[in-house]
Amino acid sequence: MTTSSAVDTQTPNSAVTEPRVFDTWINIPYAPGEVAPDPSVVKRFKRGNSAYEGGQSMDDVIAEMNRLGISGGLLTKYPRDITPPFVHGIQSGEDVLRKACERLATIQRDYPGRFVTSVAVDPRLGYEAAKHVRIAVREYGIKCIRISPMFTGIAIDDKLAYPLYTAACDEGAVVTMNVGVPGPMKPAKLQRTILVDEVALAFPDLKIVMSHMGDPWISETVSMLIKHPNVFAMTAGWAPKYIPDEIWKVQRRRNNTKIMWSSDYPVLPFDRTMAEGRAVELPEESRANFLALNALAVFGEPPTA
């Protein structure tokens, strides 16, 4: 793994220094048949290998990361099912959590220095969700807790989620949450970006990372980034060339510590999102922060042992 903030690549005429790259959303490959493909996600992204389809291995993922110069990433396991629009789709319970965490921890050990790990927890469980956060962090070294309101049926600011937020804050874990209209056929209003506001106010020491940009509430996404020191955003699920310029203005001018590059691999491929991410017009420092340094400041370095 590249441990410095940049890597050198040679061109015929000069040495070009490329910033380090760290992907803040890499899905664990599913075993074939483990989860059925989500038809709405496959259709929307026009790919046959959605994150829920399966057929790849971690060796495939590592090989692609090495080919493209991606030093590491946030590896995610989201135990979920494909369900009708108003039926929750997350699998819950301690056994489900432990199986997910064990798989993440095994991969992290098998590929030292490459991954920080992230697992989904069901906030509808209330105090039990807080227990699950503590298990994930203390027993398995998980650094990030993911919530996805579209799969749980409760909003970002629902009171049931507050025990989870409290535990994550106490344990020093980051919380990432989907914002905006979802790819799967699920309700969007649960993920309206402005709902982040009161959570960030209630938990000023909790690092919150918004995923998926918050469309159509882009102005609210910008407002949350500017208002709250503890709120960040990752580009997961968005090809960088389609990200609204209002978002890039934050990284260019307002606060270059806020936006993080991510692919949501394999929903979007590494190579496309990597090429487009590197092509975004940003000042040198802002570009290096976007491609890796912002993420590493929030999630920390992957463990080497």
Side-chain angles (χ1 to χ4, degrees), residues 1-26 62 64-75 113-116 143-144 174 176 179 207-215 218-219 221-265 268-302 304:
M1 183 190 76
T2 303
T3 56
S4 62
S5 62
V7 294
D8 290 335
T9 58
Q10 296 293 322
T11 67
N13 298 318
S14 64
V16 176
T17 301
E18 279 289 349
R20 181 178 173 182
V21 177
F22 185 92
D23 189 343
T24 50
W25 194 325
I26 301 172
I62 291 291
E64 187 71 352
M65 291 171 67
N66 289 342
R67 181 179 74 85
L68 296 168
I70 300 170
S71 70
L74 184 66
L75 191 66
R114 300 307 292 260
F115 298 112
V116 178
K143 292 294 181 68
C144 175
V174 182
T176 69
V179 292
K207 292 178 180 177
I208 298 169
V209 182
M210 303 180 292
S211 300
H212 303 329
M213 298 291 98
D215 181 66
I218 296 298
S219 63
T221 300
V222 170
S223 295
M224 293 300 94
L225 292 171
I226 298 304
K227 177 178 179 179
H228 294 292
N230 58 322
V231 174
F232 306 84
M234 64 170 71
T235 63
W238 278 68
K241 73 177 183 179
Y242 292 122
I243 293 173
D245 196 54
E246 297 96 308
I247 300 291
W248 294 126
K249 286 179 180 177
V250 175
Q251 189 65 18
R252 288 191 191 107
R253 304 175 189 171
R254 302 293 296 273
N255 188 333
N256 69 14
T257 69
K258 288 290 190 168
I259 313 297
M260 309 171 186
W261 172 75
S262 55
S263 65
D264 202 353
Y265 176 89
L268 287 174
F270 286 134
D271 51 2
R272 176 187 176 181
T273 51
M274 180 75 276
E276 291 183 14
R278 282 179 165 153
V280 175
E281 293 185 9
L282 294 171
E284 182 178 354
E285 180 182 12
S286 296
R287 184 169 178 261
N289 285 357
F290 165 61
L291 290 174
L293 301 185
N294 288 347
L296 294 167
V298 171
F299 296 108
E301 289 279 353
T304 56

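Note that the numbering runs from 1 along the sequence shown for the chain. If you're wondering where the values come from, they're calculated on a predicted model, not measured in any experiment.
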Worksheet item: Where do Ala233 and Leu225 come nearest, in terms of heavy atoms and distance?
Response: N-CD2, 3.7 Å
Worksheet item: Can you find a heavy atom in the side chain of Pro302 that is under 4.5 Å from one in the side chain of Leu296?
Response: yes
Worksheet entry | Any donor-acceptor N/O pair, His212 side chain to Val179 backbone, under 3.5 Å | no
Worksheet item: Judged by atom type as modelled, is there a donor-acceptor pair below 3.5 Å linking the side chain of Asn256 to the main-chain atoms of Gln251?
Response: no
Practice prompt. Search all heavy atoms of Pro240 against all heavy atoms of Gly277 and return the closest pair with its distance.
Written response: CG-N, 3.7 Å
Discussion item. Is there a side-chain contact between Leu291 and Met274 in this structure, where contact means two heavy atoms from C-beta onward sitting under 4.5 Å apart?
Written reply: yes
Worksheet item: Do Glu276 and Leu268 come within less than 4.5 Å of each other through their side chains, counting heavy atoms only?
Response: no
Worksheet entry | Over all atoms of both residues, closest heavy-atom pair of Ile247 and Ile243 | CB-CG2, 3.7 Å
Worksheet entry | Residue Arg254 excluded, over 12 heavy atoms near CZ under 6.0 Å | no
Item to complete: For residues Leu68 and Asp271, determine if any side-chain heavy atom of one lies less than 4.5 Å from a side-chain heavy atom of the other.
Response: yes
Worksheet entry | Thr24 side-chain N/O to Trp261 backbone N/O, donor-acceptor pair under 3.5 Å | yes
Worksheet item: Checking Lys258 against Phe232: charged group under 6.0 Å from the ring centre and within 45 degrees of the axis?
Response: yes
Worksheet item: Should Val209 and Val298 count as side-chain neighbours, where that means a heavy-atom distance under 4.5 Å?
Response: yes
Discussion item. Contact between Ser211 and Met234 at the side-chain level, heavy atoms closer than 4.5 Å - yes or no?
Written reply: yes
Practice prompt. Give a yes or no answer on whether the side chain of Trp25 reaches the backbone of Ser262 with a donor-acceptor pair at less than 3.5 Å.
Written response: no
Worksheet item: In Å and rounded to the nearest 0.5 Å, what is the CD1 to CD1 distance from Ile26 to Ile62?
Response: 7.5 Å
Worksheet item: For Ser263, which residues count as a side chain to side chain donor-acceptor pair (under 3.5 Å) partner, sequence neighbours excluded?
Response: Asp23
Worksheet entry | Donor-acceptor under 3.5 Å (Glu64 side chain, Phe270 main chain) | no
Fill in: Ion pair check, Glu18 and Arg287, cut-off under 4.0 Å
yes
Worksheet, complete the sentence: To the nearest 0.5 Å, atom CZ of Phe22 lies from atom CG of Leu74 at 6.0 Å
Worksheet item: For the atom pair CG (Asn255) and CZ (Arg252), what is the distance rounded to the nearest 0.5 Å?
Response: 15.0 Å
Worksheet item: Under the 3.5 angstrom rule, does the side chain of Thr273 hit a backbone N or O of Pro269 as a donor-acceptor pair?
Response: yes
Worksheet item: Should the ring pair Phe290 and Trp248 be called parallel, tilted or perpendicular, given that the plane angle runs from 0 to 90° and is split at 30 and 60?
Response: perpendicular
Discussion item. Would you compute the distance between atom CG of Asn294 and atom CD1 of Ile259 and round it to the nearest 0.5 angstrom?
Written reply: 8.0 Å
Worksheet item: Backbone N or O of Met213 within a donor-acceptor pair of the Thr221 side chain at under 3.5 Å?
Response: yes
Worksheet, complete the sentence: So CG of Asn66 and OG of Ser71: to nearest 0.5 Å the spacing works out to 10.5 Å
Fill in: salt bridge (charged side-chain N to carboxylate O under 4.0 Å, His left out): pairs with one or both residues in residues 230-241, sequence neighbours excluded
none
Discussion item. For the NZ atom of Lys143 and the CG atom of Leu75, what is their distance to the nearest 0.5 Å?
Written reply: 14.0 Å
Discussion item. Salt bridge or not between Arg20 and Glu301? Use side-chain N to carboxylate O under 4.0 Å.
Written reply: yes
Worksheet item: Among all residues two or more places apart in sequence or in another chain, which pass the salt bridge (Lys or Arg N to Asp or Glu O under 4.0 Å) test with Lys249?
Response: none
Practice prompt. Find out whether Asn289 and Glu285 are in side-chain contact, i.e. whether some heavy atom of one side chain is under 4.5 Å from a heavy atom of the other.
Written response: yes
